[in-house]
Amino acid sequence: MQDIKNYVDNHKDRFVDELIQLLKIPSISADSRYKKDLLNTAEAVKQSLLDAGCELAEIHETPGHPVVYGEKIIDKDLPTVLVYGHYDVQPPDPLDLWESPPFDPVIKETASHPEGAIFARGACDDKGQMYMHVKALEYMTKNDQLPCNVKFMIEGEEEVGSEHLGWFIEKNKEKLQNDVILISDTGMIAKETPSITTGLRGLSYMEVEVTGPNRDLHSGLYGGAVANPINVLSKMIASLQDENNHITIPGFYDDVKEYSEAEREKMAEAPFDLEDYKKKLNIEEVQGEKGYSTLERASIRPTLDVNGIWGGYTGEGAKTVLPSKAFAKISMRLVSDQDWKKISELFTKHFESLAPKSVKVKVTTHHGGQAYVTPIDTLEYKAANDAYAEAFGKDPIPQHSGGSIPIVALFEKELKSKTILMGFGLDTDAIHSPNEHFGIWNYLKGIETIPLFYKHFTKLKQAEKK
């Protein structure tokens with residue numbers, strides 16, 4: 001595959017332009033107003049698979065947003081790689097913090113991306129990284145370099161919990177049979193320090209509602225005599241963590257895996273500059289669970305965070321109101337061995353117990369998923385390691401990620417195959433935030449590296465049979 005670099009270089013302008021066109025479609029799965037845009041994006045992904053060389057590409061309806069399936073089967077006796085990605089994106093709010101419109105992609109230079117980066121919602125998460133696989137397939141089919149079979153499963157509900165992906169998998173198990181699942185919805189340490197994500201945190205996403213009086217009240221006439229739901233909610237949330245930032249929900253840590261000192265020392269070998277970390281975030285100090293490093297807090301320890309809180313009057317000027325209701329969205333990132341459904345139940349029971357009799361509390365579980373750990377002594381991991389080593393000139397570092405891809409554990413349970421996480425984004429790419437972007441160098445490097453995984457995986461798999 002020596003000509004992969006030349007192929008990418010010769011077609012890079014087209015590769016970038018095609019991604020930009022895909023990023024222009026506002027495929028926001030959390031907002032029902034964008035249902036047509038999601039359908040249009042699914043159609044665009046389907047066509048891109050056909051153009052790249054899939055002999056079959058089709059859109060499968062689900063009770064929610066559709067799944068795009070594609071395949072290129074060259075020999076049923078050869079291994080099969082199943083590529084997973086998603087075409088839906090996070091809402092772009094708050095819009096006033098974007099330096100350019102979220103669905104009007106622009107290319108700008110940054111300190112991390114002097115070669116330029118594409119700024120748009122979904123640039124890195126996950127349209128850009130998903131589309132690397134489409135272009136990698138194009139290279140392999142156009143140049144007779146596809147060494148094995150490939151299937152694609154690109155969904156439209158990842159950003160809202162992949163609610164119907166299990167439904168789709170259950171109905172299409174035979175169609176989805178594979179030897180390994182390949183995902184690029186993660187990142188790497190740095191451009192000069194490749195890494196493979198070997199651990200993902202699980203997730204439990206909750207919404208709480210606190211109700212006081214039956215209507216908004218005049219804060220002068222009723223203030224001090226009637227419970228203010230925002231005040232009560234704030235106190236309840238504050239009590240969920242103690243002075244050491246330890247989560248206070250009874251039973252929360254019962255199943256948390258504790259790593260040995262040797263394991264923690266190995267994880268600490270990953271390059272990390274705390275001062276640079278703080279500088280990039282424009283903060284004076286980090287904060288987290290006592291007794292753990294910043295990297296550990298963001299990867300192998302569970303968390304509880306308020307993702308949104310609202311109630312009362314938030315418009316311009318002043319309105320002296322004591323609100324009837326207050327709301328918050330709360331997510332808990334979970335680690336190996338924690339069950340998200342059990343944690344959701346523990347949270348609900350505890351949060352309800354915190355409420356004084358002056359208010360009523362409603363707790364809703366939105367979605368969640370299990371944590372996942374990829375062993376580094378498998379054939380699949382070795383193939384990924386060899387691909388990075390060939391593309392970057394050095395072995396990648398195995399790294400636990402703080403993020404969650406809830407369906408990875410589902411894949412292993414239902415499809416009985418391992419998942420390899422080959423991400424090319426950087427932690428500065430602002431995914432889920434205003435000004436999300438994806439470096440052009442990273443995008444093209446991903447296209448260059450992915451075919452090498454196919455090569456090494458097929459070689460190792462064939463040798464295993466002998």
Side-chain angles (χ1 to χ4, degrees), residues 1-5 7-8 45-46 48-58 60 67-85 129-155 168-169 171-185 196 374-391 396 407-408 410-422 446-466:
M1 292 191 178
Q2 291 301 313
D3 61 343
I4 178 64
K5 289 186 177 182
Y7 189 85
V8 171
V45 172
K46 171 189 170 183
S48 73
L49 290 174
L50 291 171
D51 293 342
C54 278
E55 58 199 11
L56 169 69
E58 53 196 17
H60 288 255
V67 173
V68 182
Y69 174 82
E71 66 179 27
K72 175 72 173 178
I73 308 298
I74 60 174
D75 186 338
K76 292 187 177 180
D77 291 329
L78 288 171
T80 298
V81 175
L82 173 62
V83 176
Y84 165 83
Q129 299 214 71
M130 174 271 291
Y131 206 66
M132 295 184 309
H133 290 271
V134 178
K135 296 296 97 179
L137 174 66
E138 177 191 308
Y139 160 75
M140 291 186 287
T141 57
K142 303 296 184 188
N143 295 276
D144 195 27
Q145 295 286 336
L146 182 63
C148 62
N149 307 311
V150 59
K151 298 176 180 178
F152 286 81
M153 177 172 58
I154 313 298
E155 68 152 320
F168 173 78
I169 292 172
K171 293 180 177 299
N172 294 277
K173 281 188 179 180
E174 186 174 347
K175 182 192 289 283
L176 296 170
Q177 285 305 302
N178 65 85
D179 294 281
V180 64
I181 299 170
L182 191 57
I183 301 177
S184 294
D185 196 10
I196 298 175
T374 299
I376 63 174
D377 59 354
T378 64
L379 179 152
E380 295 86 355
Y381 182 87
K382 178 170 174 48
N385 183 91
D386 292 349
Y388 277 98
E390 185 172 343
I407 41 73
V408 173
L410 173 69
F411 288 161
E412 182 159 334
K413 178 183 177 183
E414 298 296 334
L415 300 178
K416 314 301 181 187
S417 52
K418 293 294 182 182
T419 294
I420 295 297
L421 299 158
M422 295 179 65
I447 299 171
E448 175 190 330
T449 307
I450 289 166
L452 300 175
F453 173 81
Y454 284 73
K455 181 183 76 170
H456 289 290
F457 178 70
T458 303
K459 180 181 177 181
L460 291 170
K461 201 71 175 172
Q462 293 295 85
E464 185 183 51
K465 286 184 177 181
K466 294 179 181 179

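- For the atom pair Leu56 CG and Leu50 CG, the distance stands at 8.0 Å (nearest 0.5 Å).
- To the nearest 0.5 angstrom, Tyr7 atom OH is 11.0 Å from Met140 atom CE.
- Nearest heavy-atom pair, Ile450 versus Ala136, reported as atom, atom and distance to 0.1 Å: CG2-CB, 3.7 Å.
- With hydrogens and angles ignored, the 3.5 Å screen pairs a side-chain donor or acceptor of Lys416 with a backbone N or O of Lys413.
- Counting only distance, with no hydrogens or angles, the side chain of Thr458 and the backbone of Lys455 share no donor-acceptor pair below 3.5 Å.
- Within the 3.5 Å criterion, the main-chain N or O of Val180 finds a donor-acceptor partner in the side chain of Asn178.
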Requested in this report: With salt bridge (Lys or Arg N to Asp or Glu O under 4.0 Å) as the test, would you mind laying out the steps for Glu58 and Lys46 before giving the verdict?
Outcome: CA-CA 6 Å; Glu58 53 196 17; Lys46 171 189 170 183; over 6 Å; no
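- In summary, Lys175 and Glu71 do not engage in a salt bridge, as defined by a charged side-chain N under 4.0 Å from a carboxylate O.
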Requested in this report: With side chain to side chain contact (heavy atoms under 4.5 Å, CB included) as the test, would you mind laying out the steps for Lys382 and Phe457 before giving the verdict?
Outcome: CA-CA 8 Å; Lys382 178 170 174 48; Phe457 178 70; over 6 Å; no
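- Remark: side-chain polar atoms of Asp75 are not paired, donor with acceptor, to backbone N or O of Asn149 under 3.5 angstrom.
- Residues Cys54 and Lys72 come closest through the heavy atom pair CA-CB, 4.4 Å.
- The side-chain heavy atoms of Phe168 and Glu155, taken from C-beta on, include no pair separated by under 4.5 Å.
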Report task. Check the pair Ile154 / Val67 against side chain to side chain contact (heavy atoms under 4.5 Å, CB included), numbers first and verdict last. Result -> CA-CA 6 Å; Ile154 313 298; Val67 173; over 6 Å; no
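- Within 6.0 Å of atom NZ in Lys173, more than 12 heavy atoms from other residues, nucleotides or ligands are found, so the atom counts as buried in its surroundings.
- In summary, the aromatic rings of Phe152 and His133 are positioned with their centroids too far apart to meet the 6.0 Å limit.
- From Ile4, atom CD1 reaches atom CG of Leu452 across 7.0 Å, with rounding to the nearest 0.5 Å.
- When each of Ile407, Val408, Leu176 is checked for a side chain to side chain contact (heavy atoms under 4.5 Å, CB included) with Tyr84, only Ile407 meets the rule.
- Atoms NZ and CG, on Lys151 and Asp179 in that order, are 9.0 Å from each other to the nearest 0.5 Å.
- Looking at Leu460 and Glu380, their side chains never come closer than 4.5 Å, going by heavy atoms from C-beta outward.
- Nearest heavy atom pair, residue Leu421 against residue Ile196, reads O-CG2, 3.6 Å.
- Annotation: side chain of Tyr454 is in contact with side chain of Leu182 (closest heavy-atom distance under 4.5 Å).
- Across all their heavy atoms, Ile181 and Ser417 have their closest contact at CD1-OG, 3.5 Å.
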Query raised in the report: When you look at Glu464 and Leu379, which way does the side chain to side chain contact (heavy atoms under 4.5 Å, CB included) test go after all the steps?
Result: CA-CA 9 Å; Glu464 185 183 51; Leu379 179 152; 3.9 Å; yes
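- With no hydrogens or angles considered, no side-chain donor-acceptor pair links Tyr139 and Glu448 at under 3.5 Å.
- Residues Ile74 and Pro147 approach most closely at CD1-C, 3.9 Å, considering heavy atoms.
- Of all heavy-atom pairs spanning Pro375 and Tyr381, the tightest one is O-CB, 3.8 Å.
- Residues His60 and Asn172 form a side-chain contact, since some pair of their non-hydrogen atoms from C-beta on lies under 4.5 Å apart.
- Atom CG of Asp386 and atom CZ of Phe453 lie 10.5 Å apart (nearest 0.5 Å).
- When atom types are taken as modelled, the side chain of Thr374 and the backbone of Ile420 share no donor-acceptor pair closer than 3.5 angstrom.
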Report task. Using the side chain to side chain contact (heavy atoms under 4.5 Å, CB included) rule, take Thr80 and Gln177 through it: C-alpha gap first, then chi angles, then the decisive distance, then the call. Result -> CA-CA 8 Å; Thr80 298; Gln177 285 305 302; over 6 Å; no
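- Here the side chain of Glu412 pairs no donor or acceptor atom with the backbone of Thr419 at under 3.5 angstrom.
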